[in-house]
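The block underneath contains the structure these notes are about, expressed in structure tokens.
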Number of protein chains: 2
Amino acid sequence: MSFSPLIRQLIDALRILPGVGQKTAQRMALQLLERDRSGGLRLAQALTRAMEGVGYCRQCRTLSEDELCLQCSDPRRDDSLLCVVEGPLDVFAIEQTGYRGRYFVLKGHLSPLDGLGPEAIGIPELEARIGQGRFSEVILATNPTVEGEATAHYIAQLLAPRGLRLSRIAHGVPLGGELELVDGGTLAHAMAGRRQFEL
Amino acid sequence: MSFSPLIRQLIDALRILPGVGQKTAQRMALQLLERDRSGGLRLAQALTRAMEGVGYCRQCRTLSEDELCLQCSDPRRDDSLLCVVEGPLDVFAIEQTGYRGRYFVLKGHLSPLDGLGPEAIGIPELEARIGQGRFSEVILATNPTVEGEATAHYIAQLLAPRGLRLSRIAHGVPLGGELELVDGGTLAHAMAGRRQFEL
């Protein structure tokens, strides 16, 4: 109990950040107080504005303060591609690959044990979105986890009758790693998915 | 550029926190937006209040929103002990050892190369504080670094004529470690500072 109340409240509040425990929160609070008060105030302002101003894109459901997000409102994007992801951070990750089609953001993945069925993660909205668009391919980019695979499988079965091209992002060995450190499941996928060597 | 402006500003603002890079800031921003907006607003409020309300204790110079900090204003503490530390986080660390005397917080350590002499780190204020009090012992608890040692040495020389008991926190092997992993300098201190085994 050796910090004054305002500092203690700041330390407690910082602990809601992911990966921040008591020690880190103390270091953050004191660093801001001793070195960068104007930065601390800017952070407070940015937090308030974002928490109050950011909603969800009407079309793809990613986080956005406008009714249509940057990706949905851009007229130069490819309207024939739809990439289905589990969350807004995935949109950012896929953007960095150079993909320039459209997105649909689920609310996580199917998880029957947690009571998360197709309605909870937004499958009806996905069907509606596909009904409105003129997509030729739907890329299922859910996470390579058991739940993500099951979700991709469920969506693929649901969309099969529509005659769209359905694809799943490739599984294999990540670049820059060492083969002996890759787990067996991944390596099995990499072997099964091998391609003709291009000379 | 796939986050909307408010989210991008929040991510940039979070990066002023120590140890938070681009990826961590993204994760923090999206986690707050998706899971805990009220927590984010509480954090903004705690930041504003602390940045605007916290100053320094008039007596020991630790961070405090009151003119006298919790340690200085507590009448039950031992007025004969003064512990000199480099920063407010050290006050918190020493508090946890059960120490219940008074404190004096320097602004870091002597560092002539960075232009930090005795005035810059508050040595005159330390002398004034010792002049006001009735201390019988001054514990030099600067960091066990080259600069911290030099600072402790400087203060000890300066205070020597006052006839106070001057002490330095012990150097030795930390608890729970393995001897073979302890560096040579520490081990040499631990050997030189050995004590009679108490049965």
Side-chain angles (χ1 to χ4, degrees), chain A residues 1-20 24 26-54 57 62-66 69-71 87-89 91-96 103 107, chain B residues 1-20 24 26-54 57 62-66 69-71 87-89 91-96 103 107:
Chain A
M1 297 301 260
S2 62
F3 290 118
S4 62
L6 286 185
I7 305 180
R8 217 157 51 225
Q9 284 158 22
L10 175 57
I11 292 170
D12 288 344
L14 282 165
R15 293 192 55 188
I16 64 154
L17 295 172
V20 175
T24 312
Q26 280 174 22
R27 207 157 47 86
M28 286 175 167
L30 292 226
Q31 166 120 346
L32 288 179
L33 285 167
E34 294 229 274
R35 307 256 164 84
D36 195 1
R37 297 218 182 191
S38 64
L41 287 173
R42 270 200 311 280
L43 174 55
Q45 204 174 48
L47 273 166
T48 308
R49 282 204 202 128
M51 296 302 129
E52 289 174 349
V54 175
C57 171
T62 196
L63 288 163
S64 168
E65 66 253 35
D66 300 314
C69 71
L70 294 173
Q71 287 76 43
L89 262 183
V91 172
F92 183 73
I94 301 271
E95 275 296 282
Q96 295 190 315
Y103 289 96
K107 291 209 185 303
Chain B
M1 297 299 260
S2 62
F3 289 119
S4 61
L6 286 185
I7 305 179
R8 216 155 53 224
Q9 285 158 22
L10 175 57
I11 292 170
D12 288 344
L14 282 165
R15 293 192 55 187
I16 63 154
L17 296 172
V20 174
T24 313
Q26 279 173 23
R27 207 158 47 88
M28 287 175 166
L30 292 226
Q31 166 121 347
L32 288 179
L33 285 167
E34 293 230 275
R35 308 255 163 83
D36 196 0
R37 298 219 179 188
S38 63
L41 287 173
R42 270 200 312 279
L43 174 54
Q45 203 173 47
L47 273 166
T48 308
R49 283 206 201 127
M51 296 302 130
E52 289 174 349
V54 175
C57 172
T62 195
L63 288 162
S64 168
E65 66 254 34
D66 299 315
C69 72
L70 294 172
Q71 286 77 42
L89 262 182
V91 172
F92 183 74
I94 301 271
E95 275 297 281
Q96 295 190 315
Y103 289 96
K107 291 211 185 299

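Naming convention: chains lettered A, B, ... in sequence-line order (proteins, then strands); numbering from 1 in each chain. Computed from heavy atoms alone, side chains included, the values below leave out hydrogens, waters and symmetry copies. Treat the numbers as computed from the prediction; the structure is a model and nothing was measured.
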Pair count under 4.5 Å, heavy atoms only, with chain B: among A:T48, A:T24, A:L89, highest is A:L89
Residue from A:R42, A:Q96, A:M28, A:Q31 scoring the most non-hydrogen pairs under 4.5 Å with chain B is A:M28
The side-chain contact (heavy atoms from CB on, under 4.5 Å) partners of B:Q45 (sequence neighbours excluded) come to B:R49
Chain B shares the most heavy-atom pairs under 4.5 Å, among A:E52, A:K107, A:Q26, A:R35, with A:Q26
The interface call for A:E34 against chain B, heavy-atom contacts under 4.5 Å, is both
Pair count under 4.5 Å, heavy atoms only, with chain B: among A:C69, A:G40, A:S4, highest is A:S4
For A:R8 and A:F3 the tightest heavy-atom approach is NH1-O, 2.8 Å
Honestly, the part of B:E65 sitting under 4.5 Å from a heavy atom of chain A is both
Ranking A:P18, A:A46, A:A13 by heavy-atom pairs under 4.5 Å to chain B gives rank one to A:P18
Between B:A29 and B:L14 the two heavy atoms that sit nearest each other are N-CD1, 3.7 Å
Checked A:S38, A:P5, A:C57 vs chain B; the most non-hydrogen pairs under 4.5 Å come from A:P5
d(B:T62 OG1, B:Y103 OH) to nearest 0.5 Å is 9.5 Å
With sequence neighbours left out, the residues meeting side-chain contact (heavy atoms from CB on, under 4.5 Å) with A:R37 are A:L33, B:M51, B:V54, B:Y56, B:L63
Nearest heavy-atom contact between B:D36 and B:G39 is OD1-N, 2.9 Å
